Chemist: 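Before I ask anything, here is the structure I am working with.
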Amino acid sequence: MNPVAESIKEQIKGVRTAFEEALASASQTEALEEARVRFTGKKGELTSLLRSLGKLSSEERPAVGQELNALRDEMEQKLEARKVQLRDAENERLEAEERIDVTLPPRGRPAGAFHPVFQTLHELVNIMQGLGYSVALGPEKEEEHYNFDCLNMPSWHPARDMQDTFYFPGEGQGGRSLLRTHTSPVQVRSMLKYGAPLRIVCPGKTYRRDNDPTHSPMFHQMEGLMIDKDVSFSVLKGTISEMTSAFFGRPLKNRFRASYFPFTEPSMELDIECVECSGRNPHCRVCKGTGWLEVGGMGMVHPAVIRAGGIDPDVYNGFAFGFGLDRMAMLKYGISDLRLFFDGNVSYFLSGRDA
Ligand code: DAH
């Protein structure tokens, strides 16, 4: 064999060994790609050997050529096999990393959390308890009597139109049952039960025929009621400012607007300074550029309601307020669609938190 053929044979051996080593040490697809370029690429070691075939005599060329071609096929097969192996290993690693074993007991942070609306409810109740209020609860299946009549809304009262009510079927006019449209009936039930003086908050579920991004057929309210002698309007304003500032964690500007509710006189609605932009962003998506957010209704309890509660309105007076808990939760936690509160997909609420 002539020296050129000899040298090519030697080189083939060297390339084969180098290839085997490179293949074995390629533990990532990048390294594998480097090996492919290094050996079988256009300027690769094997390719240049193929080119050097021209230096051989026509007798020697076929045998060496065959050997080189066989080596190229072998290299390509091995590269492909290794690629599949690495991809499988990577998939397995990812699977193991991302696998959630639902049978494991919780570790560290407890599994699950209070619903944002219930966190809101608990926080507001805590704040009000700090101001000396107790919690009173009432039934969700309510009687027309407590939901409307006792609240100065007799059957002919136009204010009943403000509330689209779910009535229970099969019961006659007058004493119908319904899903309470607000927590205000708990005011009267509590006055009848506990008498005066009284300081209560009544959180709970309420129902109306409504369904859109800011209304759902079931929602939550918290009612407040203070009954005592000589309760003044300024105590109401102070109480409400205290509650909203404590809830949002900073003093907020309040705006009381004259309004109408049959069960209070005078009545007001409360707007708070926009928690998102404080009125500084004319394009704010939360306050729509108005700088204010409507959060609840309130007023001095109407004497007719105090009387319905079995208390003498000539001796006692008081104030009441009603806040939407879902709205308060949306504002505090920056949730834009009320319906997410009743969606089963927990990732909406977990996103952004540590695992
Ligand atoms: N019940 C009213 C509603 O659901 C809210 C409300 C307004 C409650 C004024 C009150 C009040 O106690 O004084 O729209």
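Both ligands and their constituent atoms are indexed starting at 1 by order of listing. A quick note: this is a predicted structure, and the numbers were derived from the prediction, not measured.
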Chemist: Centroid separation under 6.0 Å, is that true for the rings of Phe118 and His220?
Modeler: yes
Chemist: Keeping the roles fixed (side chain from Thr183, backbone from Gly204), state whether a donor-acceptor pair exists under 3.5 Å.
Modeler: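 Not confirmed, Thr183 side chain does not pair with Gly204 backbone.
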Chemist: Please say whether Ala320 places an N or O atom under 3.5 Å from an N or O atom belonging to ligand 1.
Modeler: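 So ligand 1 has an N or O lying under 3.5 Å from an N or O of Ala320.
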Chemist: Show which atoms of ligand 1 fall inside a sub-4.0 Å distance from at least one heavy-atom site of Gly297.
Modeler: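 Near Gly297, meaning under 4.0 Å from one of its heavy atoms, ligand 1 has 7 (C), 9 (C), 11 (C).
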Chemist: May I ask you to decide if the ring planes of Tyr167 and Phe148 are parallel, tilted or perpendicular, using 30° and 60° as cut-offs?
Modeler: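 Tilted.
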Chemist: Give the atom numbers and elements of ligand 1 that come within less than 4.0 Å of a heavy atom of Ser184.
Modeler: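 Counting from 1, the qualifying ligand atoms are 1 (N), 8 (C).
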Chemist: Nearest 0.5 Å, please: how far is CZ in Arg180 from CG in Asn147?
Modeler: 9.0 Å
Chemist: Do the side-chain N and O atoms of Gln11 and Ser7 include a donor-acceptor pair separated by under 3.5 angstrom?
Modeler: yes
Chemist: Any chance you could measure Phe321, atom CZ, to Ser184, atom OG, to the nearest 0.5 Å?
Modeler: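 Here the interatomic distance stands at 11.0 Å.
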Chemist: Phe263 near ligand 1, heavy-atom distance under 4.0 Å?
Modeler: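 Under 4.0 Å: yes for Phe263.
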Chemist: Which one of Glu223, Arg180, His302 has a non-hydrogen atom at the shortest distance from atom 12 (O) of ligand 1?
Modeler: Glu223
Chemist: Using a 4.0 Å cutoff against the non-hydrogen atoms of Phe261, which atoms of ligand 1 qualify?
Modeler: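 So the answer, numbered in order with elements, is 7 (C), 9 (C).
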Chemist: Cation-pi between Arg189 and Tyr146: NZ/CZ under 6.0 Å from ring centre and within 45° of the ring axis?
Modeler: yes
Chemist: Can you sort out which atoms of ligand 1 are near Gln187, meaning under 4.0 Å from one of its heavy atoms?
Modeler: 12 (O)
Chemist: Which atoms of ligand 1 sit under 4.0 Å from any heavy atom of Thr264?
Modeler: 13 (O)
Chemist: Quick check on contacts: which atoms of ligand 1 are under 4.0 angstrom from a heavy atom of Gly299?
Modeler: 13 (O)
Chemist: Is Met268 close enough to touch ligand 1? Criterion: a residue heavy atom under 4.0 Å from a ligand atom.
Modeler: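 Contact absent.
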Chemist: Think Lys78 forms a cation-pi with Phe19, using NZ or CZ under 6.0 Å from the six-ring centre and within 45 degrees of its axis?
Modeler: no
Chemist: Looking at non-hydrogen atoms alone, which of Arg208, Glu269, Glu265, Met298 comes nearest to atom 4 (O) of ligand 1?
Modeler: Arg208
Chemist: Within ligand 1, which atoms have a heavy atom of Gln221 less than 4.0 Å away?
Modeler: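 Result: 3 (C), 4 (O).
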